[in-house]
Structure formats: structure tokens, C-alpha cells
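Working notes, structure below.
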Amino acid sequence: EAQVTQNPRYLITVTGKKLTVTCSQNMNHEYMSWYRQDPGLGLRQIYYSMNVEVTDKGDVPEGYKVSRKEKRNFPLILESPSPNQTSLYFCASSFLWDKNTGELFFGEGSRLTVL
Amino acid sequence: LAKTTQPISMDSYEGQEVNITCSHNNIATNDYITWYQQFPSQGPRFIIQGYKTKVTNEVASLFIPADRKSSTLSLPRVSLSDTAVYYCLVGRGNTGFQKLVFGTGTRLLVSP
């Protein structure tokens, strides 16, 4: 089954404790990206990657890091989480050059709470 | 990047047609218009995409006027299960994805 898998789905942590949210896709997509969703603010892009070892900042990259060492994986790293990073996070992937309708496939989301 | 503006919310009743309009005045020549649907605590799901005129699939139609500064998602005969948030997204084109800017979405409530 074609899917984007995020882990963990739910996490409560404390300020300053490094954490990683993993994202994996099995569709051989070049493009992957991370979003955070907060009430009233819609979806905001954190980082995106157009292929292995190619990443760039989205609209709200502060406090986050990413890496793309393999095509299927795109982990989101919070080196020193703070309460303002409490949010619902989504990973998404797609083919890059209009190989199909251009559909973005989203994961089920990871709800993060930083105390 | 084209910024999009949508109504914050809309109400409808089962069986009615719902039209949600998105304004994107700064759309670029290569930009496509894509609509997504999101249910609570789930990731957004692709509905339809278009470049100009009209596109129709099994769940919706997308109307894009000649100037492409707006677009309208049309949902025929909505049901309770269409209650969701709908996002208009402009971008991509043939230059690849780069940044993607979602708006705040339109919350559609369908009542019996």
C-alpha cells in the first residue's frame, strides 16, 4: 500500500530534550516536506527536499533541522524543543516533475506537546 | 509565491451544491491550482487540480476564469461526510515544488 508513515504519532516531551520525528514514504517520490498545523494558521511549511541531499527552508524553519540521506526518509529534528513548537506536524511527499497530477501524499500526522 | 485567500467558513445542507472560491491575484504563469480536503486529525487529501478553464473528476469540479486570479471548487450534492476543511494551493508548475504555501482553509459544515 502506497503511504507516508510518520512516527511517533503522539509525543509529550519537555523543553530542551532533543527529539526526532521520522517520515518514510514507499512511493519513490523525489519531493518530501514537513508542515506544522496550528489553530487558525492553516498549514505552514517548515522544510522541503527536492531529492537526496537537497533540502531548503520553508516558511517557518526556525528551531528545526532536517536531513535527506535516503530517498524514502525525511526526518524532522528538534534539537532543543520549546513550548511554541507544540503543534500537529505533517510530512508529505510527491513526484517532482509533473509525473502525475502533482498530488501531495500526506502522513497521518504527529501531535507533539512540549512542556 | 502566490498567496491565497478563502472564506473562513461555509455552511450547507445535505444535497446542496457547494462552491468555495479562492482568490490568488499573484498567480504565476506556471502555477497550477490544487485543492485539498482535510478531516480532523488526518492529513490533507488531494481533491482536484487544474491550470485553466474547467476540470472535473468523480468528486468535484474546478472552475478557473481566463485571468486565473481566482478559482472555484464545486462540490455537487454534498453529504454529511463532506464536512471538512478545504485548502486551495497555488504553485508547483514546471519549476518543481519549491515552497508550497497553503492558506488558512475553508471550514465547511454540512448539516442534515
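Proximity to chain B (any heavy atom under 4.5 Å) is shown, for A:Q6, by neither the backbone nor the side chain. Contacts of A:L41 with chain B are made by backbone atoms alone, with heavy-atom separations under 4.5 Å and no side-chain atom involved. Contacts between A:R111 and chain B at a heavy-atom distance below 4.5 Å involve the side chain alone, from C-beta outward. Interface remark: A:Y47 contributes no atoms to any contact with chain B (heavy atom separation under 4.5 Å).
Here A:Y35 and A:F106 bring their ring centres to under 6.0 angstrom of each other.
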For this session: Evaluate side chain to side chain contact (heavy atoms under 4.5 Å, CB included) for A:L78 paired with A:Y64, printing each intermediate quantity in order.
Result: CA-CA 5 Å; A:L78 286 72; A:Y64 305 95; 3.8 Å; yes
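Between B:Y36 and B:F46, the ring planes lie perpendicular to each other; the angle is over 60°, past the 30° to 60° tilted range.
A:Q25 places a side-chain N or O within donor-acceptor distance of the main-chain N or O of A:K71, the cut-off being under 3.5 Å.
Taking A:S49, A:S33, A:G42 one by one and counting their heavy-atom pairs under 4.5 Å with chain B, the maximum is reached by A:G42. In terms of heavy-atom pairs under 4.5 angstrom with chain B, the leader among A:L88, A:L43, A:D56 is A:L43.
Taking the side chain as every heavy atom from C-beta outward, B:R107 and B:I8 never approach each other to under 4.5 Å.
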